[in-house]
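For reference, the structure discussed in these notes is given below.
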Amino acid sequence: MNRELNRLIYLDHSATTPVDPGVIKTMNHVLEQAWGNPSSLYGKGREAKIVLENAREKIASLLHGTPENLFFTSGGTEADNLALFGVMRCARRENRGNHLVISPIEHSAINKAAHTLETEGFRVTRLPINETGIIDPEKLRVAIEDDTVLVSVMYVNNEIGTIQPIEELGAICRSREVLFHTDAVQSFGKLDLNVTELPVDLVSISSHKIYGPKGVGAIYLRPEVPIDPVTQGGGQEKNIRTGTENMPGIAGFGEAAAICAQEIGQENNRLENLRNRFLSWIREAVHGEVLVNGDLTRRLGANLNLAFPGIEGESLLLALDLDGIAVSTGSACSSGSTKPSHVLTAIGRDPETAHSSIRITLGRSTTEEDLQYVTDRLAYHVNRLREFAF
Ligand SMILES: *Cc1c(COP(=O)(O)O)cnc(C)c1O
């Protein structure tokens with residue numbers, strides 16, 4: 001906790017969000033009362049089934065889709081894996097093609113699944129991207145081949161917050177009769193996404209990025225999408241994702257979606273305004289270079305990803321932690337060796353600049369007062385670390 005405000009200033013909402021008190025209440029009701037198995041036919045089962053279908057309706061409604069097309073999973077990761085493995089393996093079984101196209105800035109749930117598919121003999125193309133962090137639809141047009149089955153491009157990037165032109169990308173896929181998947185984990189509940197109007201066939205979403213519990217997510221599937229399940233069992237979720245449903249999680253996810261529905265768009269605008277002011281304060285207070293990673297306008301309101309050339313993002317993160325401020329680095333650490341972020345390198349940052357980056361993601365609790373305090377501490381540390389470095 002910080003000394004001045006006497007509480008944690010949490011600025012890592014793209015990693016996870018605190019669970020909303022209304023969500024906790026809903027989950028407690030399921031744990032204490034509606035604990036039946038929704039597949040059971042007697043009253044206690046039917047009570048649980050109602051909870052399950054209520055949650056499905058609330059979430060599908062936030063996507064402007066029909067509840068019958070929404071399938072619960074254990075999170076965004078499983079939804080992404082199911083989209084790639086399920087669609088590609090089904091296509092191979094039916095001899096419909098062997099080629100997958102993804103963006104170079106996908107979450108590891110897509111990236112690593114694509115890598116596994118490569119080891120199984122599928123062909124994967126990673127689209128080029130420039131310093132804006134936004135895919136040029138023309139690049140997709142030329143990447144699609146006769147045996148392309150699926151294109152997967154995320155709606156909003158989790159590191160730099162850039163918003164991809166999914167409508168154009170999806171339209172290109174439609175015109176070539178290729179399936180289009182989007183990982184909408186970072187945009188869901190924040191930006192409007194209309195699965196009925198947009199040319200998207202599969203959409204991944206997750207609960208814990210929208211003030212719901214962890215370990216639950218969903219995939220939205222257009223009914224005609226040919227997909228093989230990855231799991232086998234009792235046949236729940238129409239066999240798309242079998243296994244007894246995570247009922248408290250699903251109910252919490254539904255409540256979290258209902259709360260987002262009341263503030264969608266509005267909250268994104270509030271955070272965008274706050275973020276822009278915050279950036280101007282930082283630019284005033286910090287001596288020397290401050291670089292914004294990725295396009296600043298076609299970007300989620302909550303996201304700021306900055307490089308401070310000459311300093312280590314990780315040193316800055318740890319210094320801010322002692323001040324009671326939680327941010328993250330642009331680079332993902334993997335057991336001992338710190339590889340620069342694949343997103344930052346894809347948009348043309350050299351490894352050193354990538355390592356000098358931090359990601360700040362605002363959320364519901366973020367106030368102007370918080371960001372003034374963060375500006376002071378951030379500038380103090382950057383200026384101090386820079387003096388030290390030269
Ligand atoms: C968090 C995240 C995921 C993974 O979701 P989990 O529910 O944590 O498994 C996938 N894609 C993106 C873009 C994310 O931000």
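This one's a predicted model, so the numbers in the text were calculated from it and none came from an experiment. What you see below is based on every heavy atom in this structure, not just the backbone, and it leaves out hydrogens, waters and symmetry mates. Sequence positions, counted from 1, serve as the residue numbers for this chain. Each ligand, and each atom within it, is numbered from 1 in the order the structure gives.
Heavy atoms of other residues, nucleotides or ligands lying less than 6.0 angstrom from CG of Asp146 number 12 at most.
Remark: Glu352 engages no residue in a salt bridge (Lys or Arg N to Asp or Glu O under 4.0 Å) (not counting sequence neighbours).
Put simply, the side chain of Arg349 does not reach to within 4.5 Å of the side chain of Ser357, judged on heavy atoms.
Both tests hold for Arg377 against Tyr380: distance to the six-membered ring centre under 6.0 Å, angle to the ring axis within 45°.
Protein residues having a heavy atom under 4.0 Å from any atom of ligand 1 are Gly75, Gly76, Thr77, Asp80, His107, Met154, Asn158, Asp183, Val185, Gln186, Ser206, His208, Lys209, listed by chain and number.
The list of side chain to side chain donor-acceptor pair (under 3.5 Å) pairs with a residue in residues 17-31, not counting sequence neighbours, reads Asp20-Arg364. Within the structure, the side chain to side chain donor-acceptor pair (under 3.5 Å) test picks out the following pairs touching residues 226-235 (sequence neighbours left out): Arg93-Asp228.
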